[in-house]
Amino acid sequence: MPELVTGDMVKEGATVIDVGVNRTDDGLKGDVHFESVVEKARAITPVPGGVGQMTIAMLLQNTLTAARMQGGVTAGR
């Protein structure tokens, strides 16, 4: 649900990682209401653009690890 988590739900100084992506008439929105949480959070990821690159990097790393475990990849060891 877009912007479900609001500032009154977040502890002062918290780190907020918003991984939700919701398409709305106003564009992409996260599960966190950024404007009300950003004032309280020590750190917060934006939507879009917050964790997508890390997700891709970890998927690629896991794919490489799985290939190595199957004996299919030896480069980079």
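Everything numeric here is computed off the predicted structure, so don't read it as measured data.
- Contact between Pro2 and Thr24 at its shortest, heavy atoms only, is CG-CG2, 3.9 Å.
- Nearest heavy atom pair, residue Lys29 against residue Glu3, reads CD-OE2, 3.4 Å.
- Atoms CG and CG, on Leu64 and Leu59 in that order, are 12.5 Å from each other to the nearest 0.5 Å.
- Val21 and Val5 are members of different hydrophobic clusters when ILVMFWY side chains are connected at heavy-atom separations under 4.5 Å.
- Inspection of the Thr6 and Asp8 side chains reveals an N or O donor paired with an N or O acceptor under 3.5 Å.
- For Lys40 (side chain) and Gly7 (main-chain N/O), a donor-acceptor pair under 3.5 Å exists by modelled atom type.
- Linking Ile, Leu, Val, Met, Phe, Trp and Tyr whenever their side-chain heavy atoms come within less than 4.5 Å leaves Val32 and Ile17 in two separate clusters.
- The hydrophobic clustering, which links ILVMFWY residues whose side-chain heavy atoms are closer than 4.5 Å, places Val19 and Leu4 apart.
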_Assess the residue pair Ile44 and Asp18 against the criterion (side-chain contact (heavy atoms from CB on, under 4.5 Å)); give the C-alpha distance rounded to whole Å, side-chain angles, the decisive distance to 0.1 Å, and a yes or no._
CA-CA 7 Å; Ile44 185 170; Asp18 189 351; 5.7 Å; no
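- In this structure, Glu35 places its CD atom where more than 12 heavy-atom neighbours from other residues, nucleotides or ligands lie under 6.0 Å away.
- Side-chain contact between Met1 and Asp31: absent, with no pair of heavy atoms (C-beta onward) separated by less than 4.5 Å.
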